[in-house]
Structure formats: structure tokens, C-alpha cells
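Heads up: numbering here begins at 1 and tracks the sequence.
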Amino acid sequence: MVGIQFNNNKLFSNKSNLIPKQYQNLINDINQLEKDLKTLSDVELRTQSFKLQNEYKETKNLNALISRSFALTREASVRTLGLRHFDVQLMGGLVLNNNKIAEMKTGEGKTLVATLPAFLNALTKQGVHIVTVNDYLANRDQVSMGQIYRFLGLSTGLIQDGISTFDRKKNYNADITYVTNYELTFDFLRDNMALNINDVVLRPFNYCIIDEVDSILIDEAQTPLIISNNIQTPIEKYIIAAEITDYLEFNTHYKVDEKNKNIILTENGSKQVEKILSIQDLYDPRDPWIPYIINALKANALFFINVHYIIQNNRIIIVDEFTGRIMPDRRWGEGLHQAIEAKEKLSIRQKTETVAAITYQNFFLLYPKLGGMTGTGKTAEIEFEKIYNLSVKEIPTARPTQRKDLPDLIYKDQFSKWNAIAQACNRISSTGQPILIGTTTVEKSEMLAQLLSEYQLSYQILNAKPENIRRESEIVAQAGKKGSITIATNMAGRGTDIILGGNINFKIQKKLYNILTVSKNYFLSKKKNIFQSLLVNQFEGNSQKFLSVLLTLLKDKKFLQLSDIDILRILRDNDRISSPTFSYQCSIRFLINELILYNKKHQDQENKIVKN
């Protein structure tokens, strides 16, 4: 697969794949314990987990449990997920438990690594938070990795946008909780504003593992997270200020400080504004105009549509410059948001005043024990050590890396660069090799899409626009399909696996959803057997067992009562349900497995073609 990403990140240097001695001794101990654990039954394995919890209660010494805990987690992972931690992943777990940052290359299994220190520290019964950058990852990891913890007798929690205070408290009280940095920090702010102890959802902090730690602790470290209240807003001043900017000239009336995102009004500029407004003093404390003029100029000169924000439902929605994601709950402060609304001629919402605020930098320093994972930690090692006292440890790859990190290509202007990218796509696509192109803004992703259209190339585009966000996981998952071209802003770089040849799970979900909904609705409307209709063509290639189970499903009264949305939810949550409670859930799981079996051969062929 070809990946084109234009940024300033330095390439990884070649390091020895040897594990340092300080970790190798512990890894040897863990490997020795593995043989004994394999002979235990599932119940006996869970009993070992309870023994470790009781031992910690008596000794309060977590370090003495590391080898046994890691070995237990590895064996539970093999039995629940079929995944066995490599020795280098054990090293990654030891690094995380040691208040350090583990730098692991893409595809080396950071998500699985986090289970090792998470289980160990959860033995204290004081809670572990695993922080991810978006709701999708939090949900995915809790569903998949949660099977390991639950197998060993621990509880897991998941915090998602929109859940109630009661549910938040319940999920935070679980042994291991998956949550986004955004939700966690705002819950902390709300707890500090709570007047009743029953409204507090968080318990005292214990241990935290941050995924994509450089994104949260470096890129967004100084961004304040704010809870605010509405205050009286002089709407007409924002509108007038926006109109005045048309009569001000760059460098004559004002100067722009792009680095600090600031505007400096010159003396000529002040006189020009005072003349237009027919006032004596822009800075009059009784009726100040200067903040409105400065914000109006900032809105025009420093903040651009489809770069810093988009317009959705007649509202200004901020686009996160680091991830490319929209942030519907965030607003710029000090009147800037209102100035941009005036610039775009939208209705101006009330101004707000801050009642609680904190930065990620100050928040995560509250944890007594902290670890992090990333693929690019060494580039920010000095900041991590200076601010957070977190050193960065490079984790060797399980196998020698086959990816080629090519040198950067530098062009003298944007036009030449984007033309070169389009030409490269045209050349490579003829071979069927999938291409993933990373851009930094919505505007650039759409500009490249237009260039590819001129070459008559088909592509998928993923950026902060709502119509694209809805299909985020599907678009990224199919980016490895033969002949595909995917254009994505930074938002797509977080968490969805790209499988060469395409991801059959998404295709199967879509196919089975169509089969189930069409069959059910036809049966309910016609009261006939689906196989007596023309729709039987949809089932071509399916096994006799598949058709038999489908027919049985159509006779299940509880299944027939499900809505189309209910069926979609069951398909999406299939992996999450460890013990089905209804017979139709067992049937649907069987149908999924049958389709996977049928599609697997084609998937393997596509995988080989793409690799070659």
C-alpha cells in the first residue's frame, strides 16, 4: 500500500531489535510461567486473578505481582481473543507500568499492550483509565480488550458522549474504564462545580494510560477546556465591526502576527475606525470598540472556512487543527466566535463567560501514575521529560520492518506539489495498488479531489464534513482495497485497521443487513416464504446451512418484532455480546460466521494481489 503524507515528522532510525537486559529478565520469568498457566482450566485461571488481588490487599506491593499478572493477562488474551503478546509487547507493557511512554511503530499492537499494565494496576481496585482520542476507539477497545478483563473477573466501563450522570458514575467505578480525553476532562470540571456529592462521578485518580499521547499531551496541551455561561451580548457591534473591516487595508491600517494569531491595529487604522464610527476614542472604557474591531480583523485575516471551521446547520463548527475532526461542543472565547458568525452573516449566538477551565497539561499531571503510547514519541521527548517527567522508550518491532520510509520531496510551491501528487496517483493506480493520501485541511482534501477528477480517477474522501464523518470507519477500513484511492485529513489516522485487500467485516455487515431487513419486511408484508420470491437471487453463493438458519429466523416472533435499526445495532454489537440472551442473536452470529467463511477465500486472494 502507498501512503502519501506531507508533514515534518522525521523518519524512524534503524535500531537494534534486541530487548534491553533490564526488561529481558522479567520477560523470561513471564515466559516460564506461561507453561504452567496453559494447563489450568478457565475457572482455575480466574481463581489466580482473585489470588493476586488478595495478595495485593495484604502486601500493597504491586511490583511483586508483575510477572504473574502479565503471564495471566497473556493467557487470558489467547483464550478470549486468540492473540498472544509477543516479547516486545511484554516490554511495552513493562515500559507503560514504569511511568514511561512506549513508542511503538504502526501495527505493532499498542491496544493489546495496554491490557498488561491495565490489569496489573486494576488489582488495586482503585481504578484504571485508558484514554483514547475519540469515541469510536474507546468503544472498539472496550468491546475487544474488555473480554480479557472480564474473563479474569474484572469489570470494565465505557464513557461516551450523552450518557447520564448515573451511568458515568457507574462506569468510572469499574476496574478499568475506557474514555476519551475530552469526556474525562469535562467530567473533572463538572465534578469541581458540583454542589452535591451525589453529582460527583469520578473517584480519586490512580493510574492512566494515554493512547496517542503526543497528540493529547503535546499538540493539544495548552488548549484550555472551558465550561461557560451565557452573558449579555451586544450583537449590533459585531455586525458593524464586520462591515468596517471592508474599509481597512492590510499593512496600512493593521498588521497580522500569524505565529501568535494576533492583529495589531496601526495608528492610521485607529483613526480610520474612529472616523467611520464618529467616535473620539476606540479604547473608551465606558463604550469600548477595540475588542470588536480586533476580533473582526482576526476573523477575516486568520480564520478561514474549511480550514479552521465549517458551517453546519447555519452554525460555525470548529475543526480541530490536529485531528481534522469537528468539535460541535467547542466555541472560541473572548468574542471571536461571534465575530466569525458576523463575518459569515449567520445569526450571532450569546457570548459566554468562563466558570471552569483547565488544560490537558495541568489535568493529566493530577494522576499519581501515568503512562502513554504513540508511534512518534521521540520527536517530543524533551517536552515529555521536562513537563511531565515521562521518558520515551522505543519498543523494537516483533519482526524486521518491511515498510520503506522514503525521503521527503520538496516543491517550490503548492501548485507544483499537488500536481505531482495527482500525477503519482494516476501512475500508481494503474497497477491496482491502493493509495492513502493524508492532508491537513478540508480545503486541501477537496482541492486534491478535484485534481484526481481531472484524471478521471475514482476516490473516497474523508474530512470533517458531516456527510463524510458518518462513513469514517467504513472509508478507512476499505482503504486497503485493490485499486482504491483514499484522501483523508488527519482525523482518519486514529485507530481503524486498514487491511490489504479490504476489510470483509464491513462488507459482511452491509450484505447481511440487506438480507435480513429485506427478508423480514417481505415476509411481514406478503406473509410468504422469501424463497418463493425473486429476492432469492440475493442469496446466491450462500450455503444450505445459511439458508436453513435464515428460514428459521423468519419464523422467530421476537426477531420479526425488531426494527431495521435494531437489526443494524445487533450486527454492529455482535462481538460485544459474549453470551447471547435471545435465540435470534445466536442465529445472526451463525449467519455472520457463514458469510465470513464464504468471503474469506476472496479476501485472501485480494490480499495476495495487493501485496504483490
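- Under the 4.5 Å side-chain criterion, counting only non-hydrogen atoms from C-beta, Lys298 is in contact with Leu336.
- Here salt bridge (charged side-chain N to carboxylate O under 4.0 Å, His left out) pairs that include residues 365-375, with residues two or more places apart or in two chains, number zero.
- Looking at heavy atoms from C-beta onward, Leu366 lies in side-chain contact with Phe188 at the 4.5 angstrom threshold.
- Distance NZ/Lys558 to CG/Asp566: 14.0 Å, rounded to 0.5 Å.
- Using a 3.5 Å distance cut-off with no hydrogens or angles, the side chains of Asp175 and Ser155 do pair a donor with an acceptor.
- At a cut-off of 3.5 Å, with distance as the only test, no side-chain donor of Thr132 or Asp211 sits close to an acceptor on the other residue.
- Using a 4.0 Å cut-off between charged side-chain N and carboxylate O, Lys237 and Asp287 make a salt bridge.
- Tyr238 and Tyr292 have perpendicular rings, their planes meeting at more than 60° on a 0 to 90° scale where under 30° would count as parallel.
- Arg349 and Thr233 make their closest contact through O-CG2, 4.3 Å (heavy atoms, listed as atom of the first residue, atom of the second, distance).
- At least one side-chain heavy atom of Leu202 sits under 4.5 Å from a side-chain heavy atom of Leu184.
- Taking the side chain as every heavy atom from C-beta outward, Tyr207 and Gln126 never approach each other to under 4.5 Å.
- Among the candidates Thr156, Val78, Leu72, Thr115, the single residue satisfying the side chain to side chain contact (heavy atoms under 4.5 Å, CB included) test with Ile148 is Thr115.
- Closest approach of Ile311 to Ile305, counting heavy atoms only: CD1-CD1, 3.7 Å.
- Between Trp332 and Tyr309, the angle of the ring planes goes over 60°, which puts this pair in the perpendicular group of the 30/60° scheme.
- Here the closest heavy-atom approach between residue Pro117 and residue Leu96 is recorded as CG-CB, 3.8 Å.
- Contact between Ser144 and Leu81 at its shortest, heavy atoms only, is O-CD2, 3.4 Å.
- Put simply, the side chain of Phe559 does not reach to within 4.5 Å of the side chain of Gln585, judged on heavy atoms.
- Using modelled atom types, no side-chain atom of Asn139 and backbone atom of Asp135 make a donor-acceptor pair closer than 3.5 Å.
- Phe363 and Tyr367 have perpendicular rings, their planes meeting at more than 60° on a 0 to 90° scale where under 30° would count as parallel.
- When side chains are defined from C-beta on, His85 counts as touching Leu112, because their heavy atoms get closer than 4.5 Å.
- Cation-pi geometry between Lys100 and Phe384 is not satisfied (NZ or CZ under 6.0 Å from the ring centre, within 45° of the ring normal).
- Comment: Arg331 engages Glu341 in a salt bridge, judged by a side-chain N to carboxylate O separation of less than 4.0 angstrom.
- Residues Ile240 and Trp289 form a side-chain contact, since some pair of their non-hydrogen atoms from C-beta on lies under 4.5 Å apart.
- Under the 4.0 Å criterion applied to side-chain N and carboxylate O atoms, Lys386 and Glu383 are not assigned as salt-bridge partners.
- Put simply, the side chain of Phe151 reaches to within 4.5 Å of the side chain of Arg79, judged on heavy atoms.
- The aromatic rings of Tyr178 and Tyr149 sit tilted, their planes meeting at an angle between 30° and 60°.
- Other residues, nucleotides and ligands contribute at most 12 non-hydrogen atoms within 6.0 Å of the CG atom of Asn313.
- Looking at Asn121 and Asn206, their side chains never bring a donor and an acceptor atom within 3.5 Å of each other.
- Counted by atom type alone, Asn196 and Asp199 present zero donor-acceptor pairs between their side chains at under 3.5 Å.
- Using a cutoff of 4.0 Å between basic side-chain nitrogens and carboxylate oxygens, Arg190 and Asp187 are scored as salt-bridged.
- When atom types are taken as modelled, the side chain of Gln48 and the backbone of Leu45 share no donor-acceptor pair closer than 3.5 angstrom.
- In this pair, Tyr182 and Phe186 present their aromatic rings perpendicular. The plane angle is above 60°, beyond the 30 to 60° band.
- Under the 3.5 Å distance criterion, with hydrogens and angles disregarded, a donor-acceptor pair is assigned to the side chains of Thr376 and Asp214.
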